[in-house]
Engineer: 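Sending over a structure as structure tokens; questions will come in a sec.
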Amino acid sequence: MPNNKFLDDLNILNKGFKSLLENKYDKEYITYSAINKESDTGSVSDILTYFTIQNSSVVIRDDITSPETLDKIKNKIMTGYEKFTLDIIDYYGRISTQLDDQTSKSISIIAKTFKARKKKLDAAFKRFTIQDHWGVTQLGSEFESILIKFLSDLIESIIHSISVGIKEKAVSSVYQHLLKMFNCYLSQLGVYTTHYDVGHKLSEDDWSVLNPIDSDDCDTSDGSLKDVIKNIYYYPYFIGENTLILEGNVILWRVI
């Protein structure tokens with residue numbers, strides 16, 4: 001077992017690394033914790049409901065019938081994303097003076113992350129080249145694949161920060177509103193989540209959309225808990241006709 005001096009030195013290194021990331025590189029230092037567990041401010045077992053996005057039945061891929069309609073869809077997506085980022089920045093501007101320093105920095109990083117991703121989306125659209133041998137179906141599928149890559153990176157880059165903020169009672173409503181804005185934008189693109197419960201035993205199909213995360217606090221001698229969800233980080237995200245964007249992260253009981 002590490003001695004106290006080792007742990008103290010490690011703590012100093014972690015604090016220095018955290019300061020370097022946040023102050024010099026404007027990045028957030030992340031320590032993972034499951035979303036649906038007890039927090040210091042009380043029970044948040046239903047917190048995942050804030051992350052739920054209903055299926056809007058929008059299927060962008062099916063709306064692409066020609067290169068011309070694709071150009072219109074790309075412009076619509078870019079315009080929508082630009083409006084979304086401006087709304088996020090405006091929201092931060094309106095509430096920043098009411099927030100403590102730590103929350104203000106966290107929201108600022110999230111807003112800057114959204115803004116920075118606009119260049120990546122624009123670059124991805126410009127790189128997208130239609131091949132002469134593609135039919136309409138393949139054109140839609142190929143375009144959907146680059147949209148999925150963008151959305152996967154975007155969701156994964158901010159979901160943890162928002163989930164941590166929502167668990168803080170004093171500022172939970174701020175993060176809830178931020179997430180509501182994000183969910184609304186995603187829903188317009190046909191993005192949705194699939195619900196899972198703690199205690200659910202994974203089926204064969206579940207393994208393709210859920211990613212088990214290792215944890216030191218999941219050992220059990222109860223054999224009936226094999227492949228059963230102990231905690232959930234976030235739900236899996238889909239787009240269109242059940243196409244996976246991002247696997248859901250869960251902790252499973254580990255039978256020993």
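Given the structure is predicted, the values throughout are model-derived calculations rather than measurements.
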Engineer: Minimum heavy-atom separation for Y233 to L48, with atom names?
Structural biologist: O-CD2, 4.0 Å
Engineer: I want to check something: taking the side chain as every heavy atom from C-beta on, are I89 and K115 in contact at a cut-off of under 4.5 Å?
Structural biologist: yes
Engineer: Of all heavy-atom pairs between E247 and S208, which one has the smallest distance, and what is that distance?
Structural biologist: OE2-O, 3.9 Å
Engineer: Any carboxylate oxygen within less than 4.0 angstrom of a Lys/Arg side-chain nitrogen, looking at K105 and D101?
Structural biologist: no
Engineer: Could you label the plane-to-plane angle of the F182 and F114 rings as parallel, tilted or perpendicular, counting under 30° as parallel and over 60° as perpendicular?
Structural biologist: tilted
Engineer: With sequence neighbours left out, write down each residue that passes side-chain hydrogen bond (donor to acceptor under 3.5 Å, both in side chains) with D227, or none if nothing qualifies.
Structural biologist: none
Engineer: Taking the side chain as every heavy atom from C-beta outward, state whether L186 and Y237 have any atom pair closer than 4.5 Å.
Structural biologist: yes
Engineer: Please find the pair of heavy atoms, one from I64 and one from G140, that lie closest to each other, and give the distance.
Structural biologist: CD1-CA, 4.0 Å
Engineer: Do side-chain atoms of T85 reach the backbone of E82 as a donor and acceptor pair under 3.5 angstrom?
Structural biologist: yes
Engineer: Taking everything shown except Q131 itself, do over 12 heavy atoms lie less than 6.0 Å from its CD?
Structural biologist: yes
Engineer: To which residues is V255 joined in a hydrophobic cluster, defined by side-chain heavy-atom contacts under 4.5 Å among Ile, Leu, Val, Met, Phe, Trp and Tyr, whether direct or through other members?
Structural biologist: none
Engineer: With a 3.5 Å cut-off and no angle check, do the side chains of D222 and S224 form a donor-acceptor pair?
Structural biologist: yes
Engineer: Under a 3.5 Å threshold, yes or no: a donor from one side chain and an acceptor from the other, between Y92 and S104?
Structural biologist: yes
Engineer: Heavy atoms only: give me the nearest P236-L244 pair and the separation to one decimal.
Structural biologist: CB-CD1, 4.2 Å
Engineer: S145 side chain to E142 main-chain N or O, any donor-acceptor pair under 3.5 Å?
Structural biologist: yes
Engineer: Which atom pair, heavy atoms only, marks the closest approach of I130 to P67?
Structural biologist: CD1-CB, 3.9 Å
Engineer: Examine the side chains of D87 and Y185 and answer whether a donor and an acceptor come within less than 3.5 Å of each other.
Structural biologist: no
Engineer: Side-chain contact, heavy-atom cut-off 4.5 Å: Y91 with I107?
Structural biologist: no
Engineer: Below 30° counts as parallel, above 60° as perpendicular, anything between as tilted: where do the rings of F150 and Y81 land?
Structural biologist: perpendicular
Engineer: Are L225 and W207 grouped together when hydrophobic residues (ILVMFWY) are joined by side-chain heavy atoms under 4.5 angstrom apart?
Structural biologist: no
Engineer: Side chain of K201, backbone of K226: donor and acceptor closer than 3.5 Å?
Structural biologist: yes
Engineer: Ignoring hydrogens and geometry beyond distance, is a side-chain donor-acceptor pair present between Y235 and H195 at under 3.5 Å?
Structural biologist: yes
Engineer: When you look at Y50 and N183, which way does the side chain to side chain donor-acceptor pair (under 3.5 Å) test go after all the steps?
Structural biologist: CA-CA 9 Å; Y50 298 123; N183 287 349; over 6 Å; no
Engineer: Mind checking whether V209 and T194 have side chains closer than 4.5 Å, heavy atoms only?
Structural biologist: no
Engineer: Hey, does the side chain of S172 reach the backbone of K167 with a donor-acceptor pair shorter than 3.5 angstrom?
Structural biologist: no
Engineer: Can you name the one residue among I155, I232, L179 that meets side-chain contact (heavy atoms from CB on, under 4.5 Å) with F51?
Structural biologist: L179
Engineer: Going by the side chain to side chain donor-acceptor pair (under 3.5 Å) test, name the single residue among K126, K118, K119 that passes it with D122.
Structural biologist: K126
Engineer: For V58 and I60, run side chain to side chain contact (heavy atoms under 4.5 Å, CB included): C-alpha distance rounded to whole Å, both residues' side-chain angles, the deciding distance at 0.1 Å, then the answer.
Structural biologist: CA-CA 6 Å; V58 172; I60 289 178; 4.2 Å; yes
Engineer: Please determine, by modelled atom types, if S163 and Y175 share a side-chain donor-acceptor pair under 3.5 angstrom.
Structural biologist: no
Engineer: I need the single residue from T220, D216, D214 that forms a side chain to side chain donor-acceptor pair (under 3.5 Å) with R254. Which is it?
Structural biologist: D214
Engineer: Between N55 (side chain) and S57 (backbone), is there a donor-acceptor pair under 3.5 Å?
Structural biologist: yes
Engineer: Without swapping roles, check the side chain of T129 against the backbone of R127 for a donor-acceptor pair under 3.5 Å.
Structural biologist: yes
Engineer: Does N75 use its side chain to pair, donor to acceptor, with the backbone of D71 at less than 3.5 Å?
Structural biologist: yes
Engineer: Is the backbone N or O of K76 less than 3.5 Å from a side-chain atom of T79, with the two atoms forming a donor-acceptor pair by type?
Structural biologist: no
Engineer: Is there a donor-acceptor pair under 3.5 Å between the side chain of D100 and the backbone N or O of T103?
Structural biologist: yes
Engineer: Please examine the side chains of L202 and V228, heavy atoms only from C-beta on, and report whether any two atoms are closer than 4.5 Å.
Structural biologist: no
Engineer: Can you establish whether the number of heavy atoms outside D217 located under 6.0 Å from its atom CG is more than 12?
Structural biologist: no
Engineer: Answer whether the closest heavy-atom distance between the side chains of H200 and D206 falls below 4.5 Å.
Structural biologist: yes
Engineer: Can a donor-acceptor pair be found, under 3.5 Å and without considering hydrogens, that links the side chain of T69 to the backbone of T65?
Structural biologist: yes
Engineer: Would you call I239 and L151 a side-chain contact if the rule is heavy atoms closer than 4.5 Å?
Structural biologist: yes
